Amino acid sequence: MTSLALHTSSHNSLHSLNVRPELAPVFDQLNQLILGKELQIKLSLSCLLAGGHLLLEDLPGMGKTVLSHSLAAVLGLDYNRVQFTNDLLPADLLGASIYQADQQNFRFMPGPVFTQLLLADEINRATPKTQSALLEAMEEKQVSLEGETRKLPDPFFVIATQNPAEQIGTSPLPESQLDRFLIRIEMGYPVKDAELAILSGVSRRQLLQQTQHSIRPDDLITYQHSVADVECSAMALEYLYELLQFSRHSSLFVNGLSTRAGLGLLNAAKAWAWLDGSDHLLPAHIQAVFPFVAGHRLQHTEGNHSPLRNGELILEQVQVPR
Amino acid sequence: MMQWRIVPTAAGIGYLLMLLILMLVAVNYSNNLIFTLCFLMTATMLLSVWLSIRNLWGFRATHVRVRPVHAGQDLAFEIALNEHSGQHHLYLTLSSQDKQRSKTTLQPFYHLRSGQPFEWVYQQPTQQRGLHNPQRLNVDTVWPLGLFKLSRPLIELPETLVYPQAKSAQSIPETTCGQAAHAHTEAEELAGLRAYQPGDNPRRINWRSLSKGQNLQVKEFDGAAGDPAIWLRWQDLHAIGYEARIRTLCHHILECQKRGQEFGLLLPGIELPPKRGGQHISTCLKQLALLPGER
Amino acid sequence: MRQYFGDRSQRLCLGLWFLALLPAIHQLAWVHLLLCLVPIALYHTMRQRPFVRWAMMGTVLFIAIGWIVLNGQPWLSAQTIISVLALVLLLKWAESRTARELRLSAMASLVLATLSSLYLYGLLALAYLVSCGILMLLCLLAINDSEHQLSYRQLLKTTLNLSVLALPVTVLLFVTVPRIQGPLWDIGLAIGLPIELAIDQDARDIGLKATLKAGQVSRLKRSDAPVLVAEFSGAVPYKSRLYWRGPVFSDYDGISWTLPDNWNNRGRLLRHSLRGPDAVLNVLTSKRDRVHYEARVSPHSGRWLYSLDLPSGQTPEAFISGDFQLLGIRKISREFKYDVDAWLEYSGGIPLSAEQRSAYLQYPANSNPKLRAFGQQLAQSSPDPQDILHQWRKTLVTGGYQLTEITDIDSARDNLDTFFFERKTGGIEHLASSTALVLRAAGIPTRLISGYRGGSLIALTNFVVVKQEHAHVWVEIWTDEQGWQRVDAKDFVAPPEPEQRLAQSAAAVKAKPQEEAQTPNSSAASSASQSNPNAKKPADSQTTKDRSSDKGWLSRLNLGFETWMLNYNPDRQIELMKKGGLRHVDWKNLAALAVLGLILLALIYGLLLQIGQQKQDPVRRSFEQLNKQMRKRQLACHAQECPSQWLQRIATSQPPFYPALEQIVGQYMTLRYTTSTELLPKRIQQFQRDVKRLIAML
């Protein structure tokens, strides 16, 4: 049992945080922008490569915005930022048709959602209506307005940030909508060295403005295809299935993981494996992303468990098929 | 951990009796054919034990989950099984060492037919609020001939919370008891826009849409008339007995949940501030369930 | 219509009941047969209305029992037992609703079937019993399958599987379970039940008497009432050497042998008795094979204790008479117990007085002249008694004589002449009387001894039960040199024909359910044997066929079946065990053998069960082997750990192991987590080899 505890506590440190050569420049650049957050960066990259959306959750001022901004800058994506407030209307996000008096017709003014990378800042401040408008766009990768369907650009990522639910004056995302986010990460306080470097160094925003993108969006799409080609053996799938089954049957959780969560997990793990330079999926890859994919989708019956811990609880109990 | 048990059933004892009679007839007539029959029947009896063992072998329970219930309802343990022997397993029954379970209830049979994961529901009646102790769940079978009952442990059932019964003749106290519960957030929630009508509050005019060249619109808010939060208090119910108070409070909590009303719970030594939502309700019910018994 | 008789388990039980009754159906009275139709016809009505049910059950039983009483059918006859059991079972079947009741009905039907099977013989009976057994299992299975998870075919398949798997166990049990020879009463007697209990009141007065007529012994042979129970200390001698001595006759009037008038006079008997510990030994000229035994004699009207020839020694309340009988001082009116020694081979006696000699030479006037002439002729050819005896034996052996067990023999004056020279078949009395007369005519003093020969050995014990059916008559002759010596003519003539034995056993089968055979009113037994000719005939024709063509496989099968199944008895069991190398055969050894065999078979079945289950993946097995080795070094891969992480762990904590492990775990991960199937078997083999090599290195 002691060795098992050791295994879990060293969970994060044991994962190699190296990335395959194609993405090494991206990774390095990001690490220079956001200090001491290699794991978060790698997870965000995995999320983007898997074609999922990212949920950043932490207290204000922990570098959520910087992370998303850096991602956009380094990957060379169009970037829009929407600050969610309680009077933000769906139309403010998606866009609306405006009557043009000179041309005697309506013209569609696209909202900020028509971009490659959208930062939905403090999503839990908006009304549920606005939230669901965004989530629908995320899921469908298209916007239906006034009877017309408009495609969103490809690639299309949403990085949503959220303050912890305890904060006053917020509408936390309902569980069903949390499911739309592939990965949820917490930024956490930086380690001492990193924080000292941030305090003493140049402003992050300045650095950001100087940043040149190191890959193009087309490359990103190619990489996404390569991720999909990562081999997944029956044994790996079996392990993934066991994880899902456990979450469904364990009485630790109110609800089990959905099939969508399972698919997401598979994609995220593949992306992680690809980033790791592997061409096949190992249980280790699944384990690496599992707490971040599953955590926010699970609700512990006792409550008061951090989402990350939810995932780790499952990893501790499910055996790897031999 | 692996304790297999084998007990002859009433039919098994009858069968033994039959074998004895056959033996006596065979001895009396020194009839080797009847001896043969007697031994054949003995042999099948012994072999049926092996078949029974095979019927119980080759599957395991992987997980068990259960949701809290109110006293008097049945606890439903959902047991996930994994069959790995490729055999069919017929006529299995589940039993646990629960003395409360009356013997007359007809036990359902379970069949396990393929190599696929499977889920069984094991129901157990509850009578008292509080923690339902963990017990071992056994799987039994008398298949194929019904002469022996074999059982083996299947899985440990987890400790489960049983909420108090919800029963009350009293309606919810409509008092806020002097202490103001904080107002509904819903009052601030934006519901949508509608066309401006003369007399509307100018503060609610949506200037932004006007600036985009649209008609004058006003914002509409939802839940402006939300119920105030209430307190459910232990000491308000001094007129009735101890357990009756618990049942009443439980009823009130469920009533509040039905109405979507915000409430707080005041128990001796415990104060749960007003809130809404599933988490709050389960916390309140748990506190009620775990109240010590009356001294 | 398909659902007429309840669900399928109900229907199967009815089928079993019918099959169980089938062989005995001709034994049932027509009234009972009609009554059987009632519950079947009224099945639905009675299940719906409790009143009808009770009324019908009461009426049916009342009529059935009333009919038995009116016809004076004996209560314990097979016919009564079977018909009542069948009716009760049918009624039970018709009203049973729960699985438990149906199971009871099925099991009881099998008991009925075994009783019915007594009307069948040979392979047919075996096939019948086995099919009944299988049908009963099918019933049990169908009753258990209350939710119809299996179809009829699957049910049948399961049952047949079970039966086939059960065959080895059956054979084992058949061969090794200690056999006890019935009937049950014998066993009770050995345990110590009073002999009286085993004897009917009517049968009490049968047994040997002060007079002996032709046919009397043969009639006794019809009865299985026990005479005495002997427990030998030490091994039991061959049964043919056991002569139990009863009344000794010297007077013959041509029809019957009689004892002298004052034979029962105690004073006279005691005067001539051989008293004192060595009185008998002193008068013997030769003696061999001493045995010791303890006997219990059933009460009868005489004094005879039927001691084993030749008694010696003393026992309270009894004495040895001048003609070597062990007699009670009082009449044996209750069970009598004694223990004495006996010499199985002997000769000797008190020298004869002239009066005695003439008595032992007396030949009834005007009777059996041919025998007398024959005797005189023998005497002329040689004066030596041994030569005469030899001549006589030769005559018996070559004469084609045949013993029968026919009871009703005319007792005409010259019937021994007719027997000896014309008919050449007759009872043991004819044979013994003829011997006595011929030898007397030849001038040898001769007396006739009645008693019993042999007995039924209770298997695996030292108990012998002597019954009326063992009644026997033999002859003693006097020579001046040796004294009295035994001459038993029976050993020189052919025994009763097997057909007769068959007929007899068939009759016995019928007589036995009546618990005690009613020998005096032997009309019952004879009527039974007459009423059942068809049970005997097919068997007869089969045996004759056997003899005519010895080559057919069917006949060979039949022969094997007869020797190894029908006639497998305690003796054969002991013989087989001794051949198999078991030095000392008793019930403990046999039981131990049976249990050992069962355990062995259980293990084999268990193994089969395991093999059926474990077709473990070779890759997994190798990996687990490796892991087991690593566990000993506290370096095992945790169940929840990915092998890659395991490798990393070892790389940091135990670097010396890393290079070897890296290669093997790498192979494992390639096998497990890539989808390429190229050269897969080869790679698996390589992996297995490498794991083995690494384990060896560790």
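Chain letters run A, B, ... following the sequence lines, proteins first, then strands; residues in each count from 1. Only a predicted model underlies this, so the values are computations on that prediction, with no experimental measurement involved.
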- Rounded to the nearest 0.5 angstrom, the OG1-CG distance for C:Thr170 and B:Leu40 is 4.5 Å

- Donor on one side chain, acceptor on other, B:His111 and C:Glu147, under 3.5 Å: yes

- Is there side-chain contact between C:Leu141 and B:Trp143, with at least one heavy-atom pair below 4.5 Å? yes

- C:Phe174 to B:Thr36 - nearest heavy-atom pair and separation: CE1-OG1, 3.4 Å

- If you round to the nearest 0.5 Å, how far is CG of C:Leu110 from SG of B:Cys38? 9.5 Å

- Please state whether the side chain, the backbone, both or neither of C:Ser146 comes within less than 4.5 Å of a heavy atom of chain B. both

- Message: Which heavy atom of B:Leu22 sits nearest to which heavy atom of C:Val111, and what is that distance?
- Response: CD2-CA, 4.3 Å

- Item | Distance, nearest 0.5 Å, that separates OG1 of B:Thr44 from CG of C:Leu137 | 4.5 Å

- Query: Which region of C:Ala602, side chain (C-beta onward) or backbone (N, CA, C, O), has a non-hydrogen atom less than 4.5 Å from a non-hydrogen atom of chain B, or is it both or neither?
  - Reply: both

- In short, B:Ala43 meets C:Ala166 closest at the heavy-atom pair CB-O, 3.4 Å

- Item | Spacing of CE belonging to C:Met107 relative to CD1 belonging to B:Ile21, to within rounding of 0.5 Å | 11.0 Å

- Just wondering, are more than 12 heavy atoms of other shown residues or ligands nearer than 6.0 Å to CZ in C:Arg153? no

- Please confirm whether the backbone N or O of C:Leu115 pairs with a side-chain atom of B:Tyr29, one donor and one acceptor, at under 3.5 Å? no

- Query: Does the side chain of B:Tyr91 reach to within under 4.5 Å of the side chain of C:Asp145, using non-hydrogen atoms?
  - Reply: yes

- Task: Any chance you could measure B:Asn31, atom CG, to C:Thr114, atom OG1, to the nearest 0.5 Å?
- Result: 9.0 Å

- Message: Please find the pair of heavy atoms, one from C:Arg103 and one from B:Ala11, that lie closest to each other, and give the distance.
- Response: CD-CB, 3.4 Å

- Item | Any side-chain heavy-atom pair of B:Leu46 and C:Leu601 under 4.5 Å | no

- Message: Please rank B:Leu17, B:Leu145, B:Ile34 by heavy-atom pairs under 4.5 Å with chain C and give me the top one.
- Response: B:Leu145

- Mind listing the closest non-hydrogen atom pair of C:Leu150 and B:Leu90 along with its distance? CD2-CD1, 3.9 Å

- Message: Looking at C:Asn144 and B:Pro144, would you say the former's side chain and the latter's main chain have a donor-acceptor pair under 3.5 Å?
- Response: yes

- Item | B:Tyr15 and C:Met136, any side-chain heavy atoms less than 4.5 Å apart | yes

- Message: Which one wins on heavy-atom pair count under 4.5 Å against chain B: C:Leu140, C:Leu173, C:Ile134?
- Response: C:Leu173

- Non-hydrogen atoms of chain B under 4.5 Å away: do they reach the side chain of C:Leu162, the backbone, both or neither? both

- Item | side-chain hydrogen bond (donor to acceptor under 3.5 Å, both in side chains) involving B:Lys149 - partner list, sequence neighbours excluded | none

